[in-house]
Number of protein chains: 2
Amino acid sequence: MSIVARQRDPNLASIGTCDRRVAGSRGRFRVHSKKRITSFDIAELAGVSQATVSRALRGDPSVSEDTRRRVEAAATTLNYTVDKNASNLRSKLAGTLALLFFDDPTPDDSHINPFFLSMLGSITQACARQGYDLLISFQELGRDWHADFAESKKADGIILLGYGDYLTHASRLEKLRAKGTRLVSWGAVRPDQPCITIGCDNFSGGRAATEHLLDQGCRRIAFLGDASRHFPEFQERYRGHLQALRTRGIVPDDALQVDAESSQSSGRLALKTLMARAEPFDAIFAASDLIAIGAIGALSEHGIDVPFEVAVAGFDDIPMASYVNPPLTTVQQDTRRAGEMLVDSLLRLIHNEPVASRMLPMKLIVRRSSLWQEVPRAESPREA
Amino acid sequence: MSIVARQRDPNLASIGTCDRRVAGSRGRFRVHSKKRITSFDIAELAGVSQATVSRALRGDPSVSEDTRRRVEAAATTLNYTVDKNASNLRSKLAGTLALLFFDDPTPDDSHINPFFLSMLGSITQACARQGYDLLISFQELGRDWHADFAESKKADGIILLGYGDYLTHASRLEKLRAKGTRLVSWGAVRPDQPCITIGCDNFSGGRAATEHLLDQGCRRIAFLGDASRHFPEFQERYRGHLQALRTRGIVPDDALQVDAESSQSSGRLALKTLMARAEPFDAIFAASDLIAIGAIGALSEHGIDVPFEVAVAGFDDIPMASYVNPPLTTVQQDTRRAGEMLVDSLLRLIHNEPVASRMLPMKLIVRRSSLWQEVPRAESPREA
DNA sequence: GACGGACGTGCATACGTATTCATGGATGCT
DNA sequence: AGCATCCATGAATACGTATGCACGTCCGTC
């Protein structure tokens with residue numbers, strides 16, 4: 001920071017008094033300086049005007065094939081690269097998308113939720129495929145995060161990523177949209193979302209998980225996860241869970257729902273809370289894999305066997321899920337597809353093409369944590 | 001892309017024929033258009049010149065406190081944000097760092113090496129703390145990756161991240177440096193590295209892991225990981241491994257080294273290769289956790305118990321390591337610190353402050369995969 | 001042979017900010 | 001009081017590219 005201001009404004013001698021140059025009149029001042037190579041240099045070398053260079057390199061069809069080749073050759077020779085700042089300034093585009101990452105609830109250490117990491121990977125790759133750069137920023141939900149990207153022209157659009165409730169910040173989002181900021185979010189797809197949202201079918205996913213547990217013979221299935229409005233995704237999963245129960249004629253028991261955020265420690269805590277209630281349960285459906293993994297840890301501390309005493313299912317299918325012991329039954333979100341859809345939707349928004357929120361299908365992945373295998377489950381639910 | 005060119009160049013009527021404006025003469029043309037708010041608008045509202053606005057907002061000490069307050073108030077009122085493109089164009093800075101991510105060896109699916117994901121997280125946060133943005137790009141080692149960032153002024157410096165050999169690309173790096181590009185890399189810290197490098201003490205880490213296995217009574221320790229020059233980090237770990245053996249008077253057996261890249265599938269494959277050699281072994285030191293996890297999987301397929309028949313140690317301490325069964329003994333790299341150091345070093349480079357490559361200490365994390373616990377290990381090494 | 005296009009190119013200029021230089025007024029010193 | 005300073009500010013301009021417009025030039029057509 002301290003040494004920032006270094007360069008001078010040389011070559012004031014040009015010709016006019018204005019910000020204007022003629023192709024040929026530039027070289028003279030450049031001979032000895034090793035300043036940046038600009039489109040004027042290319043123009044001179046290729047024997048055309050700067051304007052033509054710009055057009056040629058951008059693939060403007062009005063440039064003849066012959067000229068284009070000459071320009072490209074000159075550019076290669078001088079190892080020229082378009083100055084993105086100037087280009088963006090002029091074109092009012094950035095060629096960049098911003099990914100805002102909300103990790104509000106669990107700022108424990110630097111550990112990012114693995115599911116989001118996976119999303120990050122796929123978003124990055126989707127951007128690359130589309131020729132866009134990706135600007136990443138971790139944010140806390142509290143602050144004035146909006147101001148710094150679209151408005152400062154650093155990005156053409158914004159992707160919002162994070163569990164949580166965008167509705168709480170609806171007014172802020174509205175303000176952004178009013179300014180013409182393009183944004184898409186990942187989350188629960190609901191009619192009242194304040195912006196284009198891509199998300200998985202959390203409801204069906206939750207239903208599928210619970211149906212599977214019911215199929216395994218479980219009858220008292222605990223739900224670990226915040227079912228409040230503030231976590232719409234969890235709420236949807238919970239709704240799916242409830243519906244599955246009701247369809248099978250089981251009356252949901254509020255005592256079997258425990259709030260939890262998406263972290264192992266929270267899952268561990270939730271399980272202890274559940275046990276403290278002394279409610280019998282024979283299965284756990286956790287609203288995220290991290291919660292499930294935390295719960296499994298706590299169960300094993302209590303000497304309770306998974307899956308023989310308590311079956312467990314999670315949600316997300318993070319990489320870790322297949323490596324815990326026992327491997328975790330879970331509902332898989334297709335992060336690759338999700339990342340692609342987020343980027344595609346945002347680009348469509350940017351290009352003023354029609355876009356709609358979309359819900360992606362999910363897939364139940366059955367692993368050992370919910371399976372009896374050979375050993376039959378005890379007849380009555382386990383007493384806590 | 002198709003609708004990119006939309007806006008017109010309005011307001012040509014200004015005054016002169018040049019790229020020049022006077023503070024007051026602007027508002028007239030703005031009244032009806034909802035164009036971008038510029039520093040001229042702020043200037044007008046605050047009753048100062050555009051130059052003063054720029055200075056005030058950048059914290060130039062030559063602006064009086066009174067004026068600064070007025071300018072800031074005006075900026076807040078109009079919800080003004082500096083246009084980064086214009087600012088960067090003028091100042092020749094970007095306020096952005098680029099993270100180039102080389103995932104060459106394992107392009108399987110979209111799964112990024114978890115260790116690098118962890119690094120990514122810590123680098124992102126370190127950047128945020130320093131007030132820099134982070135541009136992320138996945139690259140394949142083959143191509144002309146260098147051209148697109150520093151040269152195009154999108155980033156002030158570059159961080160290189162990836163297992164692999166930068167030496168292979170030394171000429172390219174050299175070319176970059178000759179152009180004044182600032183870059184730092186993560187990797188093996190060795191005197192012949194072509195650029196500032198931050199890395200862990202792979203040698204000591206490798207030695208520590210092998211010493212630990214020796215302490216457990218293992219005598220025929222297989223090394224899974226590419227020991228060639230192309231993976232300097234693995235090579236260093238291997239060297240540490242060898243040194244530990246020799247110090248204890250054990251003659252290394254080449255038959256116990258199997259090449260592997262950092263992925264589970266590669267680890268699985270390497271183990272099968274090892275078994276095919278019919279060499280007895282009682283422990284495995286894998287050059288990365290992913291390799292170790294793959295190997296454990298393959299071992300269990302063969303009905304070989306870990307750790308009772310074969311002890312296993314990995315490297316990296318990725319999150320998954322503590323959740324596999326059995327939990328994996330490994331050598332921990334402090335990714336948080338590493339990310340900070342990378343960013344700090346790069347910033348020092350950018351600010352022309354002295355910097356040196358640095359090696360970070362590592363820490364052996366002992367978990368169950370390498371421990372006998374109560375059960376004593378069989379006297380003779382296992383026959384494959 | 002004249003005319004209407006289409007095509008390819010150059011000219012001039014704007015994008016919004018940062019910075020150099022000049023200026024006028026206040027301040028300090030003798 | 002007179003002069004040298006310093007301070008705060010304004011005026012002018014460059015950063016490098018993209019693009020509206022105008023100007024040939026080379027056709028084919030009647």
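Residue numbers begin at 1 in each chain, while the letters A, B, ... track the order of the sequences.
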Can you tell if the side chain of B:Tyr132 reaches within under 4.5 Å of the side chain of B:Leu347, non-hydrogen atoms only? yes
Rounding to a whole Å, what distance do you find between B:Glu44:CD and D:dG10:C1'? 15 Å
Rounded (10°) bend between the five-pair end axes of the helix from C:dG1-D:dC30 to C:dT30-D:dA1: 30°
By nearest atom, which of the nucleotides D:dG10, C:dC15, C:dT17 is closest to the B:Ser87 side chain? C:dT17
To the nearest Å, how far apart are B:Leu93 CG and D:dC15 P? 16 Å
Counting only side-chain N and O atoms of B:Thr52, is one of them less than 4.0 Å from OP1 or OP2 of D:dG10? yes
Expressed in angstrom and rounded to an integer, what is the separation of B:Asn85 atom CG from C:dA18 atom C1'? 15 Å
Between D:dG16 atom P and A:Tyr80 atom OH, what is the distance in whole Å? 10 Å
Short side-chain to backbone donor-acceptor contact, B:Arg68 and B:Val63, under 3.5 Å: yes
Interatomic distance where CG belongs to A:Asp60 and P belongs to C:dG8 [whole Å]: 10 Å
When you measure from the side chain of A:Leu89, which nucleotide among C:dC15, C:dT17, D:dT17 comes out closest? C:dC15
Looking at A:Ser64, does any N or O in its side chain come under 4.0 Å of the phosphate oxygens OP1/OP2 on C:dT9? yes
Nearest listed nucleotide, side chain of A:Thr38, among D:dC15, C:dT9, D:dG16: D:dG16
When you get a sec, tell me which of C:dA18, C:dT17, D:dT9 is the closest nucleotide to the side chain of B:Arg58? C:dA18
Per the atom types in the model, does the base of C:dG16 pair as donor or acceptor with the side chain of A:Arg90 at under 3.5 Å? no
Please walk me through it: do A:Ser64 and A:Asp66 pass side-chain hydrogen bond (donor to acceptor under 3.5 Å, both in side chains)? CA-CA 5 Å; A:Ser64 74; A:Asp66 180 53; 5.1 Å; no
Measure CZ/A:Arg36 against P/D:dG16 and give the value in whole Å, please. 7 Å
Base of D:dT9 paired with side chain of B:Arg70 (donor-acceptor, under 3.5 Å): no
If you look at every strand shown and take non-hydrogen atoms under 4.0 Å, does A:Ser54 touch a base, only sugar-phosphate, or nothing? base
Are B:Lys92 and D:dG16 close enough that a side-chain N or O sits under 4.0 Å from OP1 or OP2? yes
Is the phosphate of D:dA11, meaning OP1 or OP2, less than 4.0 Å from a side-chain N or O of B:Ser49? no
Sidechain-backbone polar pair: B:Thr96 side chain, B:Ala94 backbone, donor-acceptor under 3.5 Å: yes
Check for a donor-acceptor pair, side chain of A:Arg358 on one end and backbone N or O of A:Ile198 on the other, with a separation under 3.5 Å. no
Would you say the side chain of A:Ile159 lies within less than 4.5 Å of the side chain of A:Leu346, judging by non-hydrogen atoms? yes
Between B:Asp156 (side chain) and B:Leu97 (backbone), is there a donor-acceptor pair under 3.5 Å? no
Rounded to the nearest angstrom, tell me the gap between atom CZ in B:Phe40 and atom C1' in D:dA12. 10 Å
Per atom distances to the A:Arg55 side chain, the nearest of D:dA8, D:dG20, C:dA18 is D:dG20
Are OP1 or OP2 of C:dC7 and a side-chain N or O of A:Ser62 less than 4.0 angstrom apart? no
Expressed as a whole number of angstroms, how long is the span from B:Lys84:NZ to D:dG16:C1'? 19 Å
For A:Ser87, all residues meeting side-chain hydrogen bond (donor to acceptor under 3.5 Å, both in side chains), sequence neighbours excluded: none
